[in-house]
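In what follows, a structure is listed as structure tokens, so that the remarks can point back to it.
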Amino acid sequence: MNKEESAGPPPSTTKPWNDPAVRSIFFQAVLLVTVVTFGMYIFGNTAANLEKQGIATGFGFLDTTAGFGIITHLIEYNESSSYGRAFFVGLINTLLMAFTGIVAATIIGVVIGISRLSKNWLVSRLAMVYVETFRNIPLLLQIFFWYAAILRPLPSPKNSINPIDGLFLNNRGLYLPSSIPEDGFTLVIIALVIAIVGVVIMTKWAHKRQDATGQQFHTFYASLGLIIGLPFLAMVVTGFPLSWEMPVLKGFNFVGGTSITPEFIALWVSLSIYTASFIAEIVRAGIQAVDHGQSEAAHALGVKSAPTLRLVILPQALRVIIPPLASQYLNLTKNSSLATAIAYPDLVSVFTGTVLNQTGQAVEIISITMAVYLSISLGISMFMNWYNAKMALVER
Amino acid sequence: MKKITSTVMLASTLAFAASSTFAATLDDVQGKGFIQCGVSQGLPGFSNFDDKGNWSGVDVDICRAMAAAIFGDSEAVKYTPLSSKERFTALQSGEIDVLSRNTTWTATRDTALGLNFAGVNYYDGQGFMVRKDLGVNNASELSGAAVCTQTGTTTELNVADYFRSNGMDYTVVAFEKSDEVVAAYDSGRCDVYTTDQSGLYAQRIKLKDGSAHKVLPDVISKEPLGPVVRQGDDQWFNITKWALYCMVNAEEMGITSANIKSKSGGDPGVKRLLGEEGSFGENLGVSPTWCANIVSQVGNYGESFARNLSVDPLNISRGVNALWSNGGIQYAPPIR
Ligand SMILES: N[C@@H](CCC(=O)N[C@@H](CS)C(=O)NCC(=O)O)C(=O)O
């Protein structure tokens with residue numbers, strides 16, 4: 001070492017153990033070795049542990065017959081399906097709850113958040129009461145509340161509420177006719193796709209034209225017209241290629257059609273309402289973070305209130321809103337695991353509940369479940385980061 | 001690399017052997033001075049607590065009997081209420097010493113979960129409960145019904161088998177906690193509530209109007225319920241088994257908590273049971289009067305059954321749980 005140092009011009013005065021670069025490599029290597037050793041230790045220990053206790057191990061159980069029923073399944077599933085399939089049923093139910101919950105919570109949250117800033121005293125007070133009530137009551141209580149509130153007053157299937165033909169509401173759920181596409185329905189789908197592409201092109205064109213000439217174009221109504229009109233036209237041309245399957249009361253319950261269980265509704269309502277109260281505050285904070293001068297300037301230029309909100313305030317507010325919004329989405333997704341309390345068969349209830357109990361393979365099942373939640377969370381984070389980057393202030 | 005792996009494996013195996021083997025539950029229990037007993041979250045007759053927090057029931061009596069055998073004090077027990085779903089993990093992880101929670105002895109549970117079943121303290125079978133006004137008289141009329149049940153039970157599986165093998169449709173609504181099952185059934189979410197028949201009678205008490213419901217005559221499964229311990233600790237397994245057998249043998253010999261004092265010096269079988277002859281207590285690792293302690297403090301099997309199950313509002317009769325000598329199937333190996 002010393003020899004080399006004296007040989008090299010100019011002679012370095014720092015000892016290698018004082019060199020920040022060498023140090024950082026050294027410590028990173030130590031950390032890596034420690035983590036890997038620890039990981040292997042844990043793995044080996046666990047395997048031995050399980051073996052000694054006589055607990056079955058491995059992932060073979062995923063192929064064995066589950067033998068239990070699941071009430072809500074969007075993919076084909078029955079009692080003779082495998083545990084692996086039961087896993088996917090649970091996963092899809094979780095994703096369904098997360099997605100529908102996020103959509104509803106965002107809509108309610110934005111409306112309440114903007115209402116809180118309303119100049120109308122009553123509206124802003126009501127919004128405040130909403131936020132303070134739902135934010136401060138534990139979610140599990142709200143779930144039980146909605147579940148009871150939905151189940152109690154609803155009649156038995158025989159006395160179903162039947163407001164319009166084919167729609168039935170009772171304490172077993174909401175029953176709707178389901179549509180069965182027939183020949184020619186693909187044309188309708190194609191029409192829809194064309195309409196969507198058309199809207200995208202039109203919006204681009206309208207922007208360009210406005211930039212160039214200052215003339216505005218009512219893209220909103222034109223888009224609406226396109227998206228509804230074109231598929232409708234296709235329907236007329238093909239002669240309405242849809243048939244309806246009606247739910248009918250047979251024995252104890254309704255069969256046929258589409259049904260939504262009270263468990264789904266209760267969980268969805270409570271998750272949306274609860275998370276919306278947080279989102280409302282985030283939206284309010286975001287809007288208030290935009291300097292008042294911005295809206296004053298817009299007004300001074302003669303821009304009306306609604307376009308001011310949409311074109312001046314919101315784009316700036318979004319930068320403040322998106323990061324905390326992302327964590328609310330993550331919260332909602334994770335909170336959906338409270339489903340197990342009211343029999344909505346989500347991943348936690350089906351997989352770490354029933355399957356774990358029946359196979360006893362806690363280590364495998366918990367690892368899979370953790371990996372799934374981690375992936376969902378990372379997926380949401382990645383999407384929100386991407387969106388955030390897109391929305392970030394572009395310096396010109 | 002391979003060497004490192006195997007070294008780590010070896011080291012971890014050794015570490016494991018030192019830290020997490022459950023070989024000596026008895027030492028552990030004697031050290032802490034009580035038994036940690038896993039029970040239900042409230043099932044009248046089996047394991048239930050009153051408003052003062054005192055636990056009672058035939059499952060609770062197993063734990064009390066073990067405490068009487070080990071400490072000469074049937075009150076040296078602490079209880080951990082567990083849902084059906086949590087119970088096995090609690091036992092595997094060592095959180096509890098014994099699980100006495102209306103748990104069905106099945107092949108999977110006995111062979112794949114690292115557990116051992118120490119006998120059967122109640123022979124049960126799965127049944128159905130319905131509202132009387134539904135007009136259903138037996139299970140074969142239940143096609144298309146919505147069925148409420150609890151996750152993590154044999155019930156969930158049996159009901160699937162039953163409906164499938166009889167070509168009947170059903171929807172299953174499975175909750176984690178039994179109180180939630182009861183509440184949902186009570187508010188009309190399901191047509192049927194299914195669990196072990198004893199459980200149906202017990203849960204019926206919790207309904208708003210128990211008399212508006214009836215238990216159907218059909219029994220669709222075998223549910224031998226018994227205490228469970230971790231696999232690999234034979235001594236503890238023996239103590240659990242023999243605590244139960246002691247109670248059954250005592251009933252068979254007519255020894256009760258009331259007359260046990262007067263039985264002293266009786267025939268050789270009685271003497272062995274009371275610990276006046278032989279070294280059964282020593283072999284088990286507990287005091288010589290272990291069984292006498294159980295009978296005087298907890299009572300024999302029949303007393304426990306009568307006190308917990310054959311009283312209002314349950315009124316469950318002995319049925320198959322009568323002694324083999326009375327036409328039932330409760331049968332204990334002899335103490336000899
Ligand atoms: N014997 C069955 C069912 C046991 C079971 O969990 N039964 C329910 C309904 S009777 C129960 O004990 N509930 C009381 C509780 O969860 O605390 C099994 O071992 O899987």
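Letters go in sequence order (proteins before strands), and every chain restarts at 1.
Between A/Leu139 atom CG and A/Phe144 atom CZ the span is 10.5 Å, to the nearest 0.5 Å. In this structure, the separation between CG on B/Leu26 and CD on B/Gln235 is 4.5 Å, given to the nearest 0.5 Å. To the nearest 0.5 angstrom, B/Phe128 atom CZ is 10.0 Å from B/Gln197 atom CD. Between atom OG1 of residue B/Thr171 and atom CD1 of residue A/Ile70 there is a gap of 13.5 Å, rounded to the nearest 0.5 Å.
Contact annotation for A/Thr340: both backbone and side-chain heavy atoms come within less than 4.5 Å of a heavy atom of chain B. For B/Lys85, the parts sitting under 4.5 Å from any heavy atom of chain A are the backbone and the side chain alike. At a 4.5 Å heavy-atom cutoff, A/Tyr344 makes no contact with chain B through either its backbone or its side chain. In this structure, the portion of B/Ala174 lying under 4.5 Å from any heavy atom of chain A is its backbone and not its side chain. Contacts of A/Glu263 with chain B are made by side-chain atoms alone, with heavy-atom separations under 4.5 Å and no backbone atom involved. Neither the backbone nor the side chain of B/Thr106 has a heavy atom closer than 4.5 Å to any heavy atom of chain A. Neither the backbone nor the side chain of B/Cys148 comes within contact range of chain A; no heavy atoms are under 4.5 Å apart. Interface remark: B/Phe88 contributes side-chain atoms only to the contact with chain A (heavy atom separation under 4.5 Å). Neither the backbone nor the side chain of B/Ser83 comes within less than 4.5 Å of any heavy atom of chain A. No part of B/Val147 comes within reach of chain A, as not one of its non-hydrogen atoms sits under 4.5 angstrom from that chain. Only the side chain of B/Arg164 comes within less than 4.5 Å of a heavy atom of chain A; its backbone N, CA, C and O stay farther away. Using a 4.5 Å cut-off between heavy atoms, B/Ser187 contacts chain A through both its backbone and its side chain. When heavy atoms are compared at a cutoff of 4.5 Å, B/Glu180 approaches chain A solely by way of its side chain, counted from C-beta outward. Heavy-atom distances place the side chain of B/Tyr170, and not its backbone, under 4.5 Å from chain A.
With chain A as the partner, the residue from B/Val181, B/Asp186, B/Leu142 showing the most heavy-atom pairs under 4.5 Å is B/Leu142. Interface remark: of the candidates A/Ser156, A/Ser80, A/Pro155, A/Ser80 forms the most heavy-atom pairs closer than 4.5 Å to chain B. Counting heavy-atom pairs under 4.5 Å between each of B/Arg109, B/Glu141, B/Arg87, B/Arg189 and chain A puts B/Arg189 at the top. With respect to chain A, the highest number of heavy-atom pairs below 4.5 Å among B/Thr154, B/Asp161, B/Thr149, B/Leu134 belongs to B/Leu134. Counting heavy-atom pairs closer than 4.5 Å to chain A, the top-ranked of the candidates B/Leu157, B/Val172, B/Val159, B/Val136 is B/Leu157. Contacts with chain B were tallied for A/Ala66, A/Gly69, A/Gly251; A/Gly69 has the most, counting heavy-atom pairs under 4.5 Å.
If you check the side chains of B/Thr194 and B/Gln126, you find a donor sitting under 3.5 Å from an acceptor. A donor-acceptor pair shorter than 3.5 Å cannot be found between the side chains of A/Lys158 and A/Asn253. With 3.5 Å as the limit, one finds a donor-acceptor pair spanning the side chains of B/Ser211 and B/Asp209. Inspection of the B/Thr195 and B/Gln150 side chains reveals no N or O donor paired with an N or O acceptor under 3.5 Å. Using modelled atom types and a 3.5 Å distance limit, the side chains of B/Trp105 and B/Asp110 yield a donor-acceptor pair.
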Salt bridge (charged side-chain N to carboxylate O under 4.0 Å, His left out), that's the test. Do B/Asp191 and A/Arg172 meet it? Break it down for me. CA-CA 10 Å; B/Asp191 304 296; A/Arg172 305 292 157 80; 3.0 Å; yes
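By the 30° and 60° cut-offs, the orientation of the rings of B/His213 relative to B/Tyr185 is tilted.
Paired with B/Glu223 under the rule side chain to side chain donor-acceptor pair (under 3.5 Å), one option of B/Asn102, B/Thr155, B/Thr153, B/Asn158 passes, and it is B/Asn158.
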